[in-house]
Number of protein chains: 2
Amino acid sequence: MLSDVMEDYLKAIYQLQRETDDRIKTSEIAEELDVTSPTVTSMLDKLEDRELVDREKYRGVTLTDEGETVALEIVRHHRLLEAYLTEHLDYDWSEVHAEADRLEHHISEDFEARVADALGEPEVDPHGSPIPSADLEPPTRPDGKSIAEFEAGTVVTVAEVADRDPDVLSYLAEHGVEPGVELEIIEIAPFGMVTARSSEADDPVSLPESVASHVWVAAPAEPEP
Amino acid sequence: MLSDVMEDYLKAIYQLQRETDDRIKTSEIAEELDVTSPTVTSMLDKLEDRELVDREKYRGVTLTDEGETVALEIVRHHRLLEAYLTEHLDYDWSEVHAEADRLEHHISEDFEARVADALGEPEVDPHGSPIPSADLEPPTRPDGKSIAEFEAGTVVTVAEVADRDPDVLSYLAEHGVEPGVELEIIEIAPFGMVTARSSEADDPVSLPESVASHVWVAAPAEPEP
DNA sequence: TGCCGAGTTTAGACGGGTCTAACCCTAAAG
DNA sequence: CTTTAGGGTTAGACCCGTCTAAACTCGGCA
């Protein structure tokens with residue numbers, strides 16, 4: 001049996017791997033989980049003993065297949081909970097993260113199945129992030145680009161908003177930046193700031209690079225052929 | 001901030017106090033939580049430091065007002081969750097206890113409020129146990145009697161089934177023993193076994209004293225005046 | 001009154017998860 | 001090829017919640 005904390009480490013490593021697809025370094029995990037590096041090192045020792053991570057000293061870790069399965073289970077719990085909370089308990093998409101983060105470790109397989117069923121086996125959560133399927137097969141990254149990677153004048157459809165900060169998410173919602181909306185890229189400033197107009201809002205919104213890079217688009221809008 | 005484990009101890013003491021309304025002894029808590037007595041002693045030290053229990057060495061503990069408030073909060077979480085799971089996620093009343101026991105420590109005030117709202121501020125859980133109100137005022141025990149305390153021939157209405165064992169609960173449900181049903185007491189055997197017929201079942205059911213004592217009746221049916 | 005047994009507490013150990021301080025490895029810059 | 005800065009690991013400490021073994025207290029009984 002794994003502790004909540006171990007599950008958190010595996011989830012963190014999984015998510016960092018999605019972003020960088022490289023070996024994950026001690027300091028990255030420490031940053032992600034708000035813990036010191038020696039703490040991470042000692043936890044990695046334990047995870048290695050259990051064959052949940054592959055380790056190379058001084059060179060970071062990757063998840064083993066088993067570790068990845070555990071991480072997927074947790075991510076599935078998290079995203080199903082987020083979906084359920086918004087769908088059935090009237091939560092706003094900006095609020096669900098913290099609640100799901102606490103509950104994800106404590107629901108049974110039975111609960112997971114019932115929630116998935118109540119939602120009709122959804123494929124994405126309210127942020128547009130894919131929910132791992134019940135068989136926990138590693139999803140193939142269908143990945144698109146962030147809105148920061150387009151030219152001014154392009155019109156794109158938002159697929160996913162991968163930020164976790166509730167304040168940022170509220171702000172985005174207020175300005176019409178949510179999964180499913182169309183966004184016209186108005187300007188990309190040299191320092192990375194993206195200005196765009198949502199189909200759901202009157203005024204354009206400007207987003208610093210750190211925020212814009214979390215707003216993902218499934219497929220680039222084709223330029224005129 | 002209190003740990004999950006501390007919350008469990010406070011809840012256990014609260015529930016034991018409801019049953020015995022006396023000082024609660026170390027060994028009772030140990031039994032309830034399935035840990036050893038020394039473990040209980042050391043935890044009681046900590047709870048006393050935090051002024052959550054009143055303690056007299058070698059003589060057991062009682063909850064302080066503050067300790068009771070914490071316990072009521074947990075019990076409220078537990079019973080609201082039980083109600084929600086049966087009402088909205090299609091759980092059977094026999095299955096909800098274990099799930100609620102894990103989740104009760106991890107839901108936010110916000111979640112609690114939303115669940116209570118979705119249920120319409122219910123006053124009892126699926127077992128008929130009273131749900132503490134949101135203000136966490138100690139409920140006055142409106143208590144009745146267990147079915148073991150009646151004469152053969154009496155007809156009573158089940159108010160609460162205070163068992164926690166899923167197998168026992170399933171068995172009772174199969175034989176029509178649930179909150180709200182009428183029960184005709186057919187026989188009280190000298191060794192405490194109660195035989196009764198439910199308005200919801202054809203055949204009578206016999207319950208050993210240990211089970212019968214958990215089946216509560218709100219008010220005795222008045223004998224003919 | 002004095003002893004005895006049941007139950008409680010103390011003492012000491014351990015694993016989990018965290019920290020700080022000190023040491024060491026790696027890789028990049030000269 | 002050597003130095004060095006940055007980051008990773010080791011060492012050692014602490015608190016939590018648990019245990020076993022040993023000492024103690026209480027209350028009933030001879």
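- When A:Glu104, A:Glu73, A:Glu99 are each tested for a side chain to side chain donor-acceptor pair (under 3.5 Å) with A:His78, only one passes: A:Glu104.
- Contact check, A:Thr36 against C:dC19: a side-chain N or O comes under 4.0 Å of OP1 or OP2.
- The main-chain N or O of A:Leu16 is never found under 3.5 Å from a side-chain atom of A:Glu19 such that the two would form a donor-acceptor pair.
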What pairs of nitrogen or oxygen atoms, one from the protein and one from nucleotides 8-11 of chain C, lie under 3.5 Å apart?
from   : atom 1 : to      : atom 2 : distance (Å)
C:dT8  : OP2    : B:Ser27 : N      : 3.3
C:dT8  : OP2    : B:Ser27 : OG     : 3.1
C:dT9  : OP1    : B:Arg55 : NH2    : 3.4
C:dT9  : OP1    : B:Tyr58 : N      : 3.2
C:dT9  : OP2    : B:Thr26 : OG1    : 2.8
C:dT9  : OP2    : B:Thr41 : OG1    : 3.0
C:dT10 : OP1    : B:Lys57 : NZ     : 2.8

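- The distance from atom CE of A:Met1 to atom P of C:dG16 is 14 Å, rounded to the nearest whole Å.
- In this structure, A:Tyr9 does not reach the C:dG16 phosphate: none of its side-chain N or O atoms is under 4.0 Å from OP1 or OP2.
- Here C:dG16 presents its C1' atom at 16 Å from NE2 of A:His105, a figure rounded to the nearest Å.
- The CG-P distance, from B:Asp49 to D:dC16, rounds to 10 Å in whole Å.
- What separates CE of B:Met6 from C1' of D:dG17 is a distance of 9 Å, to the nearest Å.
- When the C1' atom of D:dG17 is taken as reference, atom CG of B:Leu2 falls 15 Å away, rounded to whole Å.
- Residues A:Trp93 and A:Val161 are in side-chain contact: their nearest non-hydrogen atoms beyond the backbone lie under 4.5 Å apart.
- Looking at heavy atoms from C-beta onward, A:Pro130 lies in side-chain contact with A:Glu160 at the 4.5 angstrom threshold.
- A 4.5 Å side-chain heavy-atom check between B:Ile185 and B:Glu151 finds every atom pair outside the cut-off.
- Rounded to a whole Å, the NZ atom of A:Lys46 is 6 Å from the P atom of C:dG16.
- Residue-environment remark: CG (B:Asp65) stays at or below the threshold of 12 foreign heavy atoms within 6.0 Å.
- What separates CZ of B:Arg23 from P of D:dC26 is a distance of 14 Å, to the nearest Å.
- Rounded to the nearest 0.5 angstrom, A:Asp125 CG and A:Leu119 CG are separated by 11.0 Å.
- Using a 30° and 60° split on the angle between ring planes, B:Tyr91 and A:Phe111 fall in the tilted class, from 30° to 60°.
- B:Ile29 places its CD1 atom 15 Å from the P atom of D:dG17, with the value rounded to the nearest Å.
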Anything under 3.5 Å between a protein N or O and an N or O of nucleotides 2-4 of chain D, put it in a table, one pair a line.
none

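- Put simply, the side chain of A:Arg23 reaches to within 4.5 Å of the side chain of A:Glu56, judged on heavy atoms.
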